[in-house]
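Take a look at the structure below.
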Protein chains: 2
Amino acid sequence: MNKDLLPGTLEMLVLQTLLRGPLHGYAIAQSIEQVSDDLLQVEEGSLYPALQRLLREGWVTAEWGVSARNRKVRTYLITPEGRAQLEREVSSFERLMKGITQVMKPVEEA
Amino acid sequence: MNKDLLPGTLEMLVLQTLLRGPLHGYAIAQSIEQVSDDLLQVEEGSLYPALQRLLREGWVTAEWGVSARNRKVRTYLITPEGRAQLEREVSSFERLMKGITQVMKPVEEA
DNA sequence: TTGTTCATATAGATTTCCTATGGATAGACG
DNA sequence: CGTCTATCCATAGGAAATCTATATGAACAA
């Protein structure tokens with residue numbers, strides 16, 4: 001099992017995070033870590049490629065700006081297509097989770 | 001999101017399945033699919049490499065035998081190390097799930 | 001001026017999974 | 001008897017996602 005993330009869930013987490021409002025990359029990572037009480041770690045080498053994928057698919061848009069700390073940042077915004085994709089990801093994830101839960105149910109001892 | 005499995009969970013599912021008793025590969029796949037009500041699909045191209053990994057790590061042992069359908073089968077048995085590994089995988093998985101759940105909590109509208 | 005935090009990004013390696021393929025045998029069905 | 005389907009094992013090759021490591025640079029604190 002992965003130490004930082006459950007593989008395959010990063011894009012869903014990013015889209016969900018952007019549902020609360022536009023954020024730049026670094027802030028997205030921080031948000032996921034904080035909201036998860038540091039149960040999840042988002043490595044930069046995972047995040048930025050994921051954002052590239054989301055951009056390429058049209059699920060987010062981005063524009064350059066300046067952060068509250070006066071640094072050059074690229075701010076991401078979820079698109080309507082991104083919202084639809086998020087819904088698909090969530091229902092797929094829930095489906096798989098349901099399956100896993102059933103398999104992982106405790107074994108009844110004889 | 002993956003259509004068949006949540007990436008990174010297959011070994012945990014296999015070890016858990018073997019907790020109920022030794023099974024051969026094909027039967028492991030069938031068991032996971034049936035117990036999950038077909039929410040999970042286990043492709044042979046995923047399963048057999050996973051079993052090789054489990055063998056290599058010493059988490060299962062295997063021996064050749066004959067199935068109830070009179071076919072030559074390789075039956076897998078979870079080892080004590082495998083049980084310990086399963087516990088680690090489960091707690092890691094639960095930790096990640098908890099983090100995901102927190103991030104995926106509905107956004108409160110203003 | 002030195003170090004730390006913030007911030008973006010890519011290259012490369014690793015891992016895992018899926019698709020496709022290649023066997024082989026048992027048993028059903030015609 | 002021949003063919004088809006289901007059972008069973010396994011690997012090769014490719015695709016995708018993640019992590020490690022690295023590079024770059026600005027802002028700010030000490």
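First the proteins, then the strands, lettered A, B, ... as listed; each starts at 1. Side-chain atoms are counted along with the backbone in the values below, which use heavy atoms only and exclude waters and symmetry mates.
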Side chain of [X] only, heavy atoms from C-beta on: which candidate in [options] is closest?
{"X": "A:Glu43", "options": "D:dC9, D:dA17, D:dC19", "answer": "D:dC19"}
{"X": "A:Asp4", "options": "D:dC19, C:dA26, C:dA9", "answer": "D:dC19"}
{"X": "A:Asn2", "options": "C:dT10, D:dT18, D:dT7", "answer": "D:dT18"}
{"X": "A:Asn70", "options": "D:dT18, D:dC9, D:dA27", "answer": "D:dA27"}
{"X": "B:Gln52", "options": "D:dT11, D:dA27, C:dA9", "answer": "D:dT11"}

Please give, in whole Å, the distance from [N] [atom2] to [X] [atom1]?
{"X": "A:Arg56", "N": "D:dA17", "atom1": "CZ", "atom2": "C1'", "answer": "12 Å"}
{"X": "A:Leu54", "N": "D:dT18", "atom1": "CG", "atom2": "P", "answer": "10 Å"}
{"X": "A:Met12", "N": "D:dT18", "atom1": "CE", "atom2": "P", "answer": "11 Å"}
{"X": "B:Tyr48", "N": "C:dC17", "atom1": "OH", "atom2": "C1'", "answer": "16 Å"}
{"X": "A:Leu6", "N": "C:dT16", "atom1": "CG", "atom2": "C1'", "answer": "13 Å"}
{"X": "B:Tyr26", "N": "C:dA26", "atom1": "OH", "atom2": "C1'", "answer": "13 Å"}
{"X": "A:Glu44", "N": "C:dG12", "atom1": "CD", "atom2": "C1'", "answer": "17 Å"}
{"X": "A:Leu5", "N": "C:dT14", "atom1": "CG", "atom2": "P", "answer": "21 Å"}

At 4.0 Å (heavy atoms only), tell me whether B:Gly45 reaches a base, stays on the sugar-phosphate, or touches nothing.
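Here B:Gly45 touches the bases of the nucleic acid.
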Taking only side-chain nitrogens and oxygens of [X], does any of them come within less than 4.0 Å of OP1 or OP2 of [N]?
{"X": "B:Arg53", "N": "C:dT15", "value": "no"}
{"X": "B:Arg69", "N": "D:dC8", "value": "yes"}
{"X": "B:Ser67", "N": "D:dT7", "value": "no"}
{"X": "A:Ser46", "N": "D:dA17", "value": "no"}

When you check the side-chain N and O atoms of A:Glu81 and A:Gln85, is any donor under 3.5 Å from an acceptor?
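No.
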Determine, for B:Glu11 against B:Arg53, whether the closest basic-nitrogen to carboxylate-oxygen distance falls under 4.0 angstrom.
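Judged by the 4.0 Å cut-off on N to carboxylate O distance, B:Glu11 and B:Arg53 do form a salt bridge.
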Quick check: on DNA chain D, is the nucleotide nearest A:Gly8 upstream (toward 5') of the one nearest B:Tyr76, or the reverse? Name the residue that is more 5'.
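Nearer the 5' end of the strand: B:Tyr76.
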Is there a side-chain contact between B:Leu40 and A:Val103 (heavy atoms, below 4.5 Å)?
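When only atoms from C-beta onward are counted, A:Val103 and B:Leu40 do touch, with a gap below 4.5 Å.
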Donor-acceptor check, side chain of A:Arg95 to backbone of B:Leu39, threshold 3.5 angstrom: yes or no?
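Checked: pair present.
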Of B:Leu51, B:Leu23, B:Thr9, which meets side chain to side chain contact (heavy atoms under 4.5 Å, CB included) against B:Val14?
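It is B:Leu51; the other options fail the test.
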Can you work out whether B:Thr9 or A:Lys72 has the more 5'-proximal nearest nucleotide on DNA chain C?
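Residue closer to the 5' terminus by nearest nucleotide: A:Lys72.
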Between the base of C:dT25 and the side chain of B:Arg71, is there any donor-acceptor pair under 3.5 Å?
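Result: at least one qualifying N/O pair found.
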